[in-house]
Amino acid sequence: MDVMGDKATLLETGRFVQPSDRDETGEAVEEARRRLAAEAGDVEAMSVLGAMLLRRGDLDGAEPQLRAATAAGDRAAANNLGVLLHQRGYADDAAGWWRIAAVAGSAPAAHALGRHHRERGDEPAAEYWLRQSAEQGHVLGAYALADLLEHRGDTATEQWMRVAAERGHREAAYRLARALDRKAAEHAESAGAEDRAGDAGGGEVEQWYRQAAARGHQRAALHLGAILERRGELKEAGRWYLTSAKDGEARAACALGFLLRDAGDAESAAVWWLRAAQDGDGNAANALGALHAERGETQTAERWYRAAMDAGDVNGAYNLGLLCAEQSRTAQAEQWYRRAAYAGHREAANALAILLLQGGDASGAEPWFSKAAEAGSVDAAFNLGILYAGRGEDVAALRWYERAAGAGHTEAALQVGIARLREGDEREAERYLRCAAGGGSPEAAYRLASVLDARRPQAPAHELGEIAHEKTECEEWYERAASQGHRRAQVRVGMLASARGDVVEAARWYRAAAEAGSRNGAFNLGLLLAREGSEPEAAVWWARAAEAGHGRAALRLALVYARRGELAEGQRWADLAVSLGPGEVAERAARLRDALREELSA
């Protein structure tokens, strides 16, 4: 409540402001002077003296002075008498004196009276008196009115919260920032925007957080730090996190820990996480658990994960499940995954479903995949697609693949693209393949390149030499897939290079594919080497291709050995070529085999 008077100020908590550097001798002289004036009948002196004694906690000395001044019509004394009686526990008597002062125009008294009525559940009376106080410019009245209106969902809340914030009320500034932040976030979500409120726009949210933080509001400092961190201003973000953490905000200590970890200072990060975890922050406890798990200190990691769980953080149970799964403690992993999944942790539900599926319980896995997917787990949606595809339920599988692909899942987009290709919808297939290829899928890059390759017009016949070659988009996608180790793409890039006459580049890609196990790569590398006059080395690669099931390679080897006069070896490779095919190769290989057999029997 507030004390009215020339030199008296009382905080709403009932505690007086006590400047540490006050001149006690001067205050004693001032009190003596006021006391002499009050004894002489000076009403203002009585009021101020009463306020001074009230501030000092001398209720017995203050009460007669305040009563005398109130009787003489001093409204400040009436308000302060109400404060005194409220401190003594006589709330109704206090309200009576506040009413007298408020009717006489005291804004602090109207504020105190409004709060009195609100505490008793009389909101209409509370609103009336708080509005009287706020409209007179009383900052606490404006804040209390905004708080009341917010409780009722009144649209005027922001107006009065802004009034209080503009007059320096730090909690009002913080709450105004929070309200604007939420409103902007809801708008961004409905508009499909990705930016958070504090990161964009005119910076009003940041302005109010900054004002509250500058006045020592620890949660405002936390939110200001988060805004700055998202914007990449890490140094200033760290300063505000540190300010908030030092004031006891566990979440700021946790956020500071993550900032330090990302900067490479894991030891300092652990110090702040420990501080936050000891203050009950589950996220910090999880971070400590992960840190110890990375170091191989599994017992310590488990202890912190349990601490996180005890702090109400469901991630603790999920992380315990992951820890147990890594140690092949399957039964315990299932137990912790279930605990987290039942608490609504979608990734735990997905992990539980995978565990059940690996154990052969597909029927038990499906509902957990569904629960996780419905809760927004992209991986679970993709896994449901795999589950349905494995059963031959392609329509249901495609539905879940599309859902996962829509949320950016690369492999799901690939599966949708392949399905659309099978259906003949090339344009739609291309759209999904582009998403998957852009997400890093080499298979998608290869298939996209194949789609684009098939559309390329035939090169025009020409007589005056080779035309200048420029890489097409399909070649760029082939190369991207090839550089990611896709064997068929490597072969195709080699073929394109060979067509350009770039033998060195062609050989490089054929060799990469062949060494990775591609029989086509080995066969083509053999052809290239044979053309360059390295038939012995070519034979080595053709042998590798033939042994992997390449019929043409086997036929080539049969011809090589036949020319060398090694008829038995030639017949052996010809027999293999006949069995491998395809038809044209098998037919030629059969004729060669028969000729070699006749030669051998002659």
* Can you list the residues that meet the salt bridge (charged side-chain N to carboxylate O under 4.0 Å, His left out) rule with Glu150, with sequence neighbours excluded? -> Arg175
* Asked: Asp313: what forms a side-chain contact (heavy atoms from CB on, under 4.5 Å) with it, not counting sequence neighbours?
  -> Asn283, Asn286, Ala308, Asn315
* Hey, is the main chain of Gly517 close enough, under 3.5 Å, to the side chain of Arg487 for a donor-acceptor pair? -> yes
* To do: State, to 0.1 Å, how close Leu414 and Ser441 come at their nearest heavy-atom pair, and which atoms those are.
  => CD2-OG, 3.8 Å
* Gln211 (side chain) donor-acceptor with Ala165 (main chain) under 3.5 angstrom -> yes
* Flag for Glu347-Ser377: side-chain donor and acceptor within less than 3.5 Å -> yes
* Asked: Stepwise, does the salt bridge (charged side-chain N to carboxylate O under 4.0 Å, His left out) test hold for Glu302 with Arg306?
  -> CA-CA 6 Å; Glu302 185 169 337; Arg306 287 180 183 274; 3.2 Å; yes
* side-chain contact (heavy atoms from CB on, under 4.5 Å) partners for Arg303, two or more places apart -> Thr300
* Where do Glu473 and Trp477 land on the side-chain hydrogen bond (donor to acceptor under 3.5 Å, both in side chains) test, with the steps shown first? -> CA-CA 6 Å; Glu473 186 188 5; Trp477 284 114; 3.2 Å; yes
* **Sequence-distant partners of Ser268, side-chain contact (heavy atoms from CB on, under 4.5 Å), two or more places apart** => Leu260, Asp265
* Structure fact -> Residues Ala353 and Ala365: closest non-hydrogen pair is O-CB, 3.2 Å
* **Among Arg455, Arg431, Arg447, salt bridge (Lys or Arg N to Asp or Glu O under 4.0 Å) partner for Glu426** => Arg455
* Asked: Within the distance-only criterion (no hydrogens, no angle test), does the side chain of Gln484 pair as donor or acceptor with the backbone N or O of Gly440 below 3.5 angstrom?
  -> yes
* With distance as the sole test, does Arg170 use its side chain to make a donor-acceptor pair with the main-chain N or O of Arg215 at under 3.5 Å? -> yes
* Quick one: does Asp425's side chain have a donor or acceptor within less than 3.5 Å of a partner on Glu428's backbone? -> yes
* Without swapping roles, check the side chain of Asn383 against the backbone of Asp379 for a donor-acceptor pair under 3.5 Å. => yes
* **Arg427, CZ: over 12 other non-hydrogen atoms inside 6.0 angstrom** => no
* **With Glu233 via salt bridge (charged side-chain N to carboxylate O under 4.0 Å, His left out) - residues at least two apart** => Arg231
* To do: State which residues pass ring-ring contact (aromatic ring centres under 6.0 Å, His included) with Tyr241; sequence neighbours excluded, sorted by chain then number.
  => none
* Asked: Stepwise, does the salt bridge (charged side-chain N to carboxylate O under 4.0 Å, His left out) test hold for Glu476 with Arg480?
  -> CA-CA 6 Å; Glu476 291 173 356; Arg480 181 181 295 195; over 6 Å; no
* Where the side chain of Glu166 meets the backbone of Val163, is there a donor-acceptor pair that is under 3.5 Å apart? -> no
* Asked: Got a sec, which residues hit salt bridge (charged side-chain N to carboxylate O under 4.0 Å, His left out) with Arg508, two or more places apart in sequence or on another chain?
  -> Glu505
* Structure fact -> Taken in chain and number order and not counting sequence neighbours, the residues that satisfy side-chain contact (heavy atoms from CB on, under 4.5 Å) with Ala287 are Phe258, Trp273
* Asked: Picking from Arg239, Glu249, Arg251, what satisfies side chain to side chain contact (heavy atoms under 4.5 Å, CB included) with Ser244?
  -> Glu249
* Among all residues two or more places apart in sequence or in another chain, which pass the ring-ring contact (aromatic ring centres under 6.0 Å, His included) test with Trp368? -> Tyr342
* Structure fact -> Residues at least two apart in sequence or cross-chain that pass salt bridge (charged side-chain N to carboxylate O under 4.0 Å, His left out) with Glu171, listed by chain then number, are Arg219
* Counting only N and O atoms by type, is there a donor-acceptor contact under 3.5 Å from the side chain of Arg519 to the main-chain atoms of Ala548? -> yes
* To do: Under the salt bridge (charged side-chain N to carboxylate O under 4.0 Å, His left out) rule, what do Arg210 and Glu204 come out as? Steps first, then yes or no, please.
  => CA-CA 10 Å; Arg210 194 175 288 277; Glu204 188 181 13; over 6 Å; no
* To do: Answer whether the closest heavy-atom distance between the side chains of Arg434 and Glu430 falls below 4.5 Å.
  => yes
* To do: List the steps, then state whether side chain to side chain contact (heavy atoms under 4.5 Å, CB included) holds for Met495 with Tyr510.
  => CA-CA 8 Å; Met495 292 171 67; Tyr510 286 151; 3.3 Å; yes
* Quick check: are there more than 12 heavy atoms from other residues, nucleotides or ligands sitting under 6.0 Å from CZ of Arg339? -> no
* **Least distance between heavy atoms, Leu398 atom then Glu423 atom** => CD2-OE2, 3.9 Å
* Got a sec, which residues hit ring-ring contact (aromatic ring centres under 6.0 Å, His included) with Tyr305, two or more places apart in sequence or on another chain? -> none
* For His223, check ring-ring contact (aromatic ring centres under 6.0 Å, His included) against everything at least two apart and list the hits. => Tyr174, Tyr209
